[in-house]
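Below you'll find the structure, written out as structure tokens, and then a few comments.
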Amino acid sequence: MTADLFDGLEAAGPAREVLAPGAVLLRGFARPQQAELLAAIDAITAQAPFRRMVTPGGHQMSVAMTNCGPVGWVTDRGGYRYDPIDPQSGQPWPAMPVLFRELAETAAREAGFAGFAPDACLINRYEPGAKMSLHQDRDERDVGAPIVSVSLGLPATFLFGGFKRTDKTQRYRLVHGDVVVWGGPARLAFHGVAALADGEHALLGRQRINLTFRRAR
Ligand code: MD3
Ligand code: FE
């Protein structure tokens with residue numbers, strides 16, 4: 001029997017790289033939409049500006065954050081939570097653009113998580129020196145849903161650990177346009193971002209912006 005000529009094409013799709021069970025890197029997946037993504041981020045941050053939140057322990061984070069969608073992740077002296085209201089404006093978070101939702105849904109499907117419907121998009125801004133210490137994301141009700149992350153701007157070193165804080169970490173370089181889907185056993189892994197190295201990105205200048213799409217409630 002001759003193989004179907006189109007077998008290869010049917011099987012082909014975006015380049016998928018499995019980092020760990022449940023963690024799938026789609027290199028450059030968001031690049032075709034970079035201009036629209038950046039315009040949408042500008043519109044969101046005009047309504048809900050980036051701000052450096054305070055942890056329950058009283059430390060100000062080096063990463064500046066905002067959100068869009070039905071709920072947003074916030075931290076203050078009282079703890080971490082998903083809140084439908086931006087505490088800085090007293091208004092709901094800006095709506096999640098259809099483009100965002102579709103990008104997250106498509107990426108999740110490519111990674112084997114069909115039907116992902118995010119209700120929160122946390123937008124992180126790193127300037128040179130900003131970092132995120134090792135942590136788990138466990139404020140979401142349904143940890144059966146994946147988290148989809150989109151990296152834009154300067155490259156970052158992403159740290160991916162195990163289920164205990166002290167487990168050995170692997171390092172991955174994430175660059176502009178990379179999308180990673182974190183589901184299944186990877187969903188509760190410890191992870192973080194090393195201090196951002198200085199540089200100049202053609203579209204974003206001296207910063208990295210990361211979108212994380214979540215099913216929070
Ligand atoms: C792996 N953000 O916002 S995105 C976060 O680059 C966060 O800004 C980092 O960690 C950033 O909570 C990393 C990649 C990511 C997000 C969530 C995960 C990786 C994950 C949840 C579980 C495992
Ligand atoms: Fe996280």
Side-chain angles (χ1 to χ4, degrees), residues 17-27 29-30 37 41 50-53 55-56 61-69 71-75 79-83 93 100 103-104 107-108 111 113 116 118-165 167-197 201 204 207-216:
E17 212 176 305
V18 177
L19 304 182
V24 180
L25 168 57
L26 305 168
R27 280 273 181 221
F29 192 76
L37 288 169
I41 292 166
F50 285 117
R51 79 290 304 263
R52 290 172 57 202
M53 299 185 198
T55 65
M61 298 183 77
S62 58
V63 178
M65 300 176 162
T66 188
N67 293 274
C68 66
V71 290
W73 187 85
V74 294
T75 174
Y80 310 122
R81 66 184 181 279
Y82 281 96
D83 199 318
W93 297 102
F100 279 29
L103 176 64
F113 299 93
F116 179 51
D119 60 4
C121 174
L122 173 62
I123 307 175
N124 294 331
R125 185 191 66 198
Y126 296 75
E127 290 180 323
K131 64 180 169 64
M132 197 176 284
S133 317
L134 277 184
H135 66 279
Q136 291 171 297
D137 288 19
R138 43 193 311 167
D139 301 326
E140 300 76 23
R141 186 165 301 165
D142 175 15
V143 293
I147 290 181
V148 174
S149 73
V150 177
S151 291
L152 297 167
L154 288 176
T157 299
F158 179 77
L159 312 171
F160 185 67
F163 300 111
K164 297 194 305 274
R165 187 181 299 279
D167 287 345
K168 183 175 170 299
T169 57
Q170 285 173 281
R171 289 163 176 257
Y172 298 100
R173 187 176 159 86
L174 295 179
V175 307
H176 181 74
D178 286 350
V179 175
V180 192
V181 181
W182 313 88
R187 178 63 180 76
L188 287 175
F190 276 90
H191 60 277
V193 178
L196 193 78
H201 185 271
L204 279 129
Q207 60 178 339
R208 167 177 188 258
I209 291 181
N210 182 81
L211 312 176
T212 50
F213 293 93
R214 298 135 188 277
R215 182 80 201 169

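Each ligand, and each atom within it, is numbered from 1 in the order the structure gives. All values below were derived from every heavy atom in this structure, side-chain atoms included, with hydrogens, water molecules and symmetry-related copies excluded.
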inquiry  = Between Trp182 and Phe158, is the ring centroid distance below 6.0 Å?
reply    = yes
Thr157 meets the side-chain contact (heavy atoms from CB on, under 4.5 Å) criterion, sequence neighbours left out, with Leu159, Arg171, Ala194
Heavy-atom check, side chain of [X] versus side chain of [Y], under 4.5 Å:
X      : Y      : answer
Val175 : Ser151 : no
Ile123 : Phe50  : yes
Leu154 : Tyr126 : no

Those residues at least two apart in sequence (or on a different chain) that pass ring-ring contact (aromatic ring centres under 6.0 Å, His included) with Trp93 are none
Counting only non-hydrogen atoms and a 4.0 Å cut-off, the residues near ligand 1 are Leu122, Asn124, Tyr126, Met132, His135, Asp137, Ile147, Ser149, Phe158, Trp182, Ala186, Arg187, Ala189, His191, Val193, Arg208, Asn210, Thr212, Arg214
Row for the Fe ion (ligand 2): angle OD1 (Asp137) to NE2 (His135), 10° precision, value 80°
The atom of His191 among N, O or S that is nearest the Fe ion (ligand 2) is NE2
Hits for salt bridge (charged side-chain N to carboxylate O under 4.0 Å, His left out) against Lys168, two or more places apart or cross-chain, chain-then-number order -> none
